[in-house]
Amino acid sequence: MQLDERKTKILQAIIRNYLETGEPVGSRTISKDTDLNLSSATIRNEMADLEEMGYILQPHTSAGRIPSDKGYRFYVDTMMAEKEREVVEMKDMLVERQDKMETLLKQVAKVLAQNTQYATMISAPSTHRNKVKFVQLSRVDAAHILAVIVVEGNVVKNNILSVDQELDDETLLKLNILLNTHLNGLSIDEINLGMISDMKQQAGIHSFLVSSVIDAVAEAIRAEEDLEIYTSGTNNIFRYPELADQERASELINTFEEKNQLGNLVMDTLADEENTGIQVYIGNETPVKSMKDCSVVTATYEIGEGMRGTIGIIGPKRMDYDKVIRTLRIIQSQLDDLYKK
């Protein structure tokens with residue numbers, strides 16, 4: 001006998017409840033859990049059929065049912081098929097919205113929240129400790145120079161700099177060589193006073209321009225390191241009694257609204273540039289004080305040219321770690337694949 005849609009939903013409900021509670025599941029519980037609008041008597045009949053077919057067991061007389069190995073196998077196979085469909089749907093969604101990063105990331109956070117029933121966050125990709133790729137000075141007019149600064153991730157910043165006298169082509173060429181010889185491949189932390197002093201000395205009467213370019217480089221890097229974080233599912237916090245009391249919930253919701261502390265979490269996950277795997281923070285392990293009663297699972301995604309971001313799922317310590325980690329890996333893989341094309 002094949003499982004029809006009703007039996008399938010009842011079996012899935014039995015397994016979900018049993019996974020959550022570890023207790024045999026009765027017909028009354030199922031009647032509240034499914035959207036079938038069936039009476040307890042009808043559900044009992046269906047459960048009897050499922051037992052006869054070998055999908056569930058009754059461990060004790062008058063007790064509820066628990067899944068059999070055959071039931072678990074059906075559940076896992078069905079779940080995997082559903083996950084494959086979700087992957088395809090997610091990929092289609094990512095491709096469709098790849099030209100609109102903000103919309104894409106907000107949608108990813110929303111889908112994650114709906115899929116896991118926890119709170120979620122995702123940071124826009126940025127280059128942690130951005131490095132200079134090159135600097136190009138060119139003449140605008142007699143009194144102004146255009147400084148084009150390119151940092152990792154091919155982020156371009158344009159700055160108009162004032163000069164006291166017009167610079168000829170040969171002078172601009174020498175300054176471009178000087179700046180790029182010293183600055184290429186360096187982060188702002190690696191540009192020290194000794195290096196700046198040496199560059200100014202070599203620039204001679206144009207040392208002021210070196211100072212202006214260094215300031216523009218620092219501004220370009222700092223602007224790019226400002227984190228944009230999108231969140232979703234904060235109301236899911238109220239689903240879990242251990243997080244739902246007024247003080248805890250209020251503190252968590254403020255964290256998601258203000259996002260400053262979430263920035264600490266993102267910077268913590270991005271600090272190790274070699275680590276692009278899954279990280280699990282339990283309780284006090286998280287750098288966010290308001291999440292000391294939570295578990296936080298994060299993944300780092302990378303979209304090329306050193307551009308990296310953080311995906312995070314926040315829930316109770318009793319969260320479904322297996323599902324959360326599996327879901328994060330799917331999203332991480334899809335984002336990585338999308339931007340490698």
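Count residues from 1 along the sequence.
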(request) Could you tell me whether the side chain of N176 and the main chain of L172 form a donor-acceptor pair under 3.5 Å? (result) yes
(message) I'd like to check L265 versus M121 (side-chain heavy atoms, cut-off strictly below 4.5 Å). Are they in contact?
(response) yes
(request) Please check if any side-chain donor atom of S295 sits under 3.5 Å from a side-chain acceptor atom of Y321, or the reverse. (result) yes
(message) On a heavy-atom basis, which atom in T116 and which in Y240 lie closest, and how many Å separate them?
(response) O-OH, 4.5 Å
(message) Given H144, which partner from the list V163, I160, L161 fulfils the side chain to side chain contact (heavy atoms under 4.5 Å, CB included) test?
(response) I160
(message) For E251, give me all partners under salt bridge (Lys or Arg N to Asp or Glu O under 4.0 Å), at least two apart in sequence or on another chain.
(response) none
(request) Check whether any side-chain N or O of T120 sits under 3.5 Å from a backbone N or O of A109 as a donor-acceptor pair, and report yes or no. (result) yes
(message) Using side-chain heavy atoms (C-beta onward) and a distance below 4.5 Å, is M47 in contact with I10?
(response) yes
(request) To the nearest 0.5 Å, tell me how far R248 CZ sits from C294 SG. (result) 9.0 Å
(request) Verify the distance criterion only: is there a donor paired with an acceptor across the side chains of Y281 and Q279 at less than 3.5 Å? (result) yes
(message) Check this for me: does any side-chain nitrogen of one of R73 and D69 sit under 4.0 Å from a carboxylate oxygen of the other?
(response) no
(message) Please determine whether residues Y72 and V25 belong to a single hydrophobic cluster, defined as Ile, Leu, Val, Met, Phe, Trp and Tyr linked transitively by side-chain heavy-atom distances below 4.5 Å.
(response) yes
(message) Do S123 and E228 make a side-chain contact, defined as non-hydrogen atoms from C-beta onward lying under 4.5 Å apart?
(response) no
(request) Without swapping roles, check the side chain of N17 against the backbone of A13 for a donor-acceptor pair under 3.5 Å. (result) yes
(message) So if I apply the side chain to side chain contact (heavy atoms under 4.5 Å, CB included) rule between M199 and each of Q202, M195, Q201, which one comes out positive?
(response) M195
(message) Using a strict threshold of under 4.0 Å (side-chain N to carboxylate O), is an ion pair present between E242 and K317?
(response) no
(message) Just verifying a value: how many Å separate I30 CD1 and T42 OG1, rounded to the nearest 0.5 Å?
(response) 13.5 Å
(message) Any side-chain to backbone donor/acceptor pair from S197 onto G194? Under 3.5 Å, distance only.
(response) no
(message) I'd like to know if the side chain of K323 and the backbone of N115 have a donor-acceptor N/O pair within less than 3.5 Å.
(response) yes
(message) Taking R139 first and then D168, would you say they form a salt bridge - that is, a charged N and a carboxylate O separated by under 4.0 Å?
(response) no
(request) For residues Y118 and P316, determine if any side-chain heavy atom of one lies less than 4.5 Å from a side-chain heavy atom of the other. (result) yes
(request) Answer yes or no on whether K70 is positioned over the face of Y55, meaning its NZ or CZ is under 6.0 Å from the six-membered ring centre and within 45° of the axis. (result) yes
(request) Ignoring hydrogens and angles, state whether a donor on the side chain of K292 or T286 is under 3.5 Å from an acceptor on the partner side chain. (result) no
(request) Measure from the side-chain N and O atoms of N180 to the backbone N and O of V135, and report whether any donor-acceptor pair falls under 3.5 Å. (result) yes
(request) Ignoring hydrogens and angles, tell me if any N or O in the side chain of E285 forms a donor-acceptor pair with the backbone of I282 under 3.5 Å. (result) yes
(message) Just verifying a value: how many Å separate I177 CD1 and K174 NZ, rounded to the nearest 0.5 Å?
(response) 9.0 Å
(request) Please confirm whether the backbone N or O of R329 pairs with a side-chain atom of S333, one donor and one acceptor, at under 3.5 Å? (result) no
